[in-house]
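Reading through the C-alpha cells given below for one structure.
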Amino acid sequence: MPHTPDHDRESRVIEAVHGQLLIGGQWRDASQNTTFEVEDPSTGATLTRVADAGPADGVAALDAAVATQASWAATPPRDRGEILRRAYELIVARTDDLALLMTLEMGKPLTESKAEIGYGAEFFRWFAEEAVRIAGRYSVAPNGATRLLTTKQPVGPCLMITPWNFPLAMGTRKIGPAVAAGCTMVVKPASLTPLCMLALADILTEAGLPEGVLNVVTTTSTGEVMEPLIRDPRLRKLTFTGSTGVGRRLVEQSAQGLLRLSMELGGNAPFLVFGDADIDAAVDGAMLAKMRNMGEACTAANRFIVHDSVAEEFTDKLGQRMSALVVGRGTEEGVDVGPMVQASERDKIVELVSDAVSAGGDVVVGGSTPDGDGYFYTPTVLANVPQTTRIFREEIFGPVAPVYRFSDDDQGIEMANDTEFGLVAYAYARDLSLALRVAERLETGMVGINQGVVSNPAAPFGGVKSSGFGREGGAEGIEEYLETKYVGLAL
Ligand code: NAP
C-alpha cells in the first residue's frame with residue numbers, strides 16, 4: 001500500500017541543502033542574485049530555488065580552481081585519499097536522506113536512489129585506494145648512456161559537466177579520480193537536478209577537502225556560463241557526461257585550448273538473446289538492463305534482439321514482468337517506476353512508440369500515459385517493430401522494450417552493430433565460446449555476458465563511436481586526470 005508522504009522529512013532534507021554556489025570554499029549567491037526553481041517531476045511542484053550563476057560566477061569558480069591547483073597537487077596522495085575515504089563513509093551514513101533528496105528532484109523510486117548512492121559512493125572508496133598507487137618508471141636508455149624517468153602529474157584544473165539521470169554517481173565518477181590525482185575542479189550539475197551535487201559538495205567539505213579544490217556552479221544560462229570556461233587557457237581538462245549532440249559542440253569549443261577530454265555520451269544498447277540462452281535468466285537480466293533507473297540510463301537496453309526460436313517465450317515473459325511493475329511517486333513504498341524527469345522526455349517516448357506502432361509494431365503491454373499529474377509512462381513491450389523506425393535508432397530513455405528478431409547469429413550481431421552508438425551491449429548465451437566471439441565483434445566499449453548490469457567502479461566505463469571516448473572507473477579512471485612527464489638523466 002502506498003504510504004502517505006512525510007512532508008516534514010521531505011522539507012528537512014531540502015532545507016539542509018545550500019542552494020548557493022560553492023566558490024573558493026564560500027557558499028555564495030549568484031552575483032546578480034538570480035535563482036531558478038527545482039521541480040518535483042512526480043507532481044510538477046516547486047521543491048526549492050537555487051542560485052542561477054552568470055558568466056562572472058563561472059569565471060570566479062575557475063579563478064578559485066586555478067589558484068588552488070599548485071597547493072592541491074603538492075598535497076600528499078595519502079591525504080587526498082583519506083578525504084575521499086571519509087567522504088565515502090559520510091555518504092554511506094547519510095544514504096537515506098540523500099536517497100530522498102534524489103527521488104524528490106529526479107523522480108526515481110527510493111530503492112533506485114539508494115542503489116545509485118551505493119554505486120556513487122564506491123567511486124570515492126575506489127579512488128581513495130588509487131590515490132596512493134600513482135606510479136612512474138625508471139629505465140636504462142637503449143644506448144646505456146642515459147636514464148629514463150617517467151612520473152605522473154595532475155592535468156590541472158578540470159571542468160565537469162554532468163547529466164540529470166544519475167545526479168550523484170555521474171559526479172563522484174569524475175570528482176573521485178580528480179581528487180585522487182591532485183586536480184582542482186569546477187563542477188556544473190544538470191539544472192534539473194542540482195540538489196544532490198550541492199549536498200555532495202557539503203559532504204566533501206566536511207570530509208576535509210581544502211577550499212577551492214571543488215567549486216560548484218548551478219546555472220540555467222548553461223552555454224553562456226560554460227563556453228568562456230572551456231575557452232579559457234587556464235582550463236586543462238573538460239569531462240562531460242550527457243547527450244551526444246551537446247558533447248559534439250563541447251569538443252568543438254575545446255579545440256582551441258587543446259583540452260584533455262572525456263566524453264561519456266548517449267547509447268543505443270542492444271540486448272542479444274541467442275537460441276541456447278537460459279530464457280528466465282535473460283528475462284531477469286533484461287529487467288535490469290531495461291528498468292534500472294526506469295530506462296533513463298545511457299546503458300539501458302534499447303533494442304532486444306532475440307533469436308526466432310526463443311523470441312515468443314522471451315517476449316511473453318518480459319511482458320508479464322513489465323506489466324507487474326507499479327508506477328507511482330518514487331517516495332512511496334512499493335513503487336517500481338517513477339515519473340520521467342520532465343514533460344519533454346515523456347513526450348519523446350510517446351512519439352517513439354507511436355512511430356513504431358504506425359510502422360506496424362504491436363503493443364504487447366503498456367503503451368500509454370497514466371492520467372493525473374507528473375510525467376509518467378507505463379512500462380511497455382513492443383513486438384514486430386520494423387528496423388526502419390526511429391525507436392531502433394534513437395535512445396528511448398524510458399520504460400519501453402522493443403523486441404526484434406534474428407534467424408542466424410551473424411544477422412543478430414549485424415543488427416546489434418547497426419547504430420552510430422557504441423556504449424554497451426548485452427548478450428545471453430549458454431555457449432561461452434559463442435558469447436566471447438560475439439563480445440569481440442560487438443562495436444561497443446563494454447559488453448555484459450549473461451548479466452544485465454555492467455557498471456562497476458572497479459571497471460573501465462565508457463564507449464566508442466558516437467558514445468564518446470575516455471574511461472571512468474577502474475585503473476584507467478585515474479589516468480584520465482594524469483599527464484606523463486619524462487625526465488632524461490645523463491649519467
Ligand atoms: P544533456 O542535455 O546533454 O545535458 C548534460 C549536461 O550538459 C547538463 O549539465 C546540461 O546542463 C549541460 N549542457 C547542456 N547544454 C550545454 C552547453 N551548450 N554547454 C555546456 N553544457 C551544456 O544530457 P541530459 O539530457 O542531461 O542527459 C541524458 C544524456 O546523457 C543521454 O544521452 C545519456 O545517454 C547520457 N548519459 C551518458 C552517460 C555515459 O556515461 N555515457 C551516463 C549518463 C548519461 P543543463 O542541465 O543546464 O541543460
Side-chain angles (χ1 to χ4, degrees), residues 1-14 36-49 99-116 163-167 190-196 287 290-297 300 318-358 361-382 391 395-402:
M1 282 291 288
H3 279 201
T4 315
D6 183 345
H7 291 301
D8 288 347
R9 185 158 168 256
E10 290 177 11
S11 305
R12 186 173 56 72
V13 297
I14 288 166
F36 65 92
E37 64 180 38
V38 184
E39 190 185 87
D40 176 346
S42 68
T43 60
T46 301
L47 292 170
T48 186
R49 300 188 71 87
L100 180 56
L101 188 66
M102 187 179 286
T103 291
L104 287 170
E105 69 172 340
M106 190 272 176
K108 67 177 96 173
L110 283 171
T111 45
E112 290 279 345
S113 294
K114 284 182 189 166
E116 179 184 339
W164 50 263
N165 63 337
F166 290 101
S191 44
L192 288 169
T193 58
L195 303 180
C196 285
M287 290 302 290
K290 179 75 255 177
M291 294 309 295
R292 175 170 176 249
N293 221 41
M294 309 178 299
E296 291 179 323
L318 185 62
Q320 285 163 25
R321 293 281 293 276
M322 290 286 273
S323 58
L325 296 174
V326 178
V327 178
R329 189 171 191 241
T331 49
E332 288 170 11
E333 214 171 284
V335 164
D336 301 303
V337 186
M340 301 296 98
V341 76
Q342 59 181 342
S344 57
E345 291 290 327
R346 195 256 326 263
D347 296 347
K348 182 188 167 195
I349 297 166
V350 172
E351 267 180 36
L352 290 179
V353 171
S354 122
D355 177 64
V357 171
S358 49
D362 297 324
V363 177
V364 179
V365 298
S368 61
T369 46
D371 294 335
D373 292 338
Y375 314 123
F376 294 94
Y377 195 82
T378 315
T380 298
V381 176
L382 303 175
I391 207 164
E395 210 174 14
I396 304 168
F397 240 56
V400 179

Hey, are the side chains of [X] and [Y] touching, using non-hydrogen atoms and a 4.5 Å cut-off?
| X | Y | result |
| --- | --- | --- |
| Arg321 | Met291 | no |
| Leu325 | Met287 | yes |
| Tyr377 | Val400 | yes |
| Leu47 | Glu10 | no |
| Leu101 | Ile14 | yes |
| Leu100 | Arg12 | no |
| Glu296 | Met106 | yes |
| Arg329 | Val335 | no |

Considering all heavy atoms of both residues, which atom of [X] and which atom of [Y] are nearest to each other, and what is their separation?
| X | Y | value |
| --- | --- | --- |
| Arg292 | Ala297 | O-CB, 4.3 Å |
| Pro399 | Ile349 | CD-CD1, 4.3 Å |
| Glu105 | Cys196 | OE2-N, 2.9 Å |
| Gly107 | Met294 | C-CE, 4.2 Å |
| Pro379 | Val327 | CD-CG2, 3.6 Å |
| Val337 | Pro109 | N-CG, 4.0 Å |

Open item on the list: Please tell me whether Thr331 and Thr103 have a donor and an acceptor in their side chains that are separated by less than 3.5 angstrom.
Closed with: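 Their side chains do not contain a donor-acceptor pair, so the 3.5 Å distance test is not met.
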- [ ] With rounding to the nearest 0.5 Å, note down the distance linking CZ in Phe36 to OG1 in Thr46.
- [x]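 Between Phe36 CZ and Thr46 OG1, I get 12.0 Å after rounding to 0.5 Å.
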Task: Value rounded to 0.5 Å, distance of OG in Ser323 from CG in Leu318 - done: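 One finds 9.5 Å between OG of Ser323 and CG of Leu318.
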Open item on the list: side chain to side chain contact (heavy atoms under 4.5 Å, CB included) for Asp355 and Ile391? Distances and angles first, verdict last.
Closed with: CA-CA 8 Å; Asp355 177 64; Ile391 207 164; 5.8 Å; no
Task: Leu382: which of Val364, Val363, Val365, Leu352 passes side-chain contact (heavy atoms from CB on, under 4.5 Å) - done: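 Per the side-chain contact (heavy atoms from CB on, under 4.5 Å) rule, the option paired with Leu382 is Val363, out of Val364, Val363, Val365, Leu352.
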Give a yes or no on whether the backbone of [Y] and the side-chain of [X] come within a donor-acceptor separation of less than 3.5 Å.
| X | Y | result |
| --- | --- | --- |
| Thr380 | Thr378 | yes |
| Glu345 | Phe397 | no |
| Lys348 | Glu395 | yes |
| Asn293 | Asn165 | yes |

Open item on the list: The criterion is ring pair (Phe, Tyr, Trp, His ring centres under 6.0 Å); which residues satisfy it with Phe376, sequence neighbours excluded?
Closed with: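 By the ring pair (Phe, Tyr, Trp, His ring centres under 6.0 Å) rule, Phe376 matches no residue at all.
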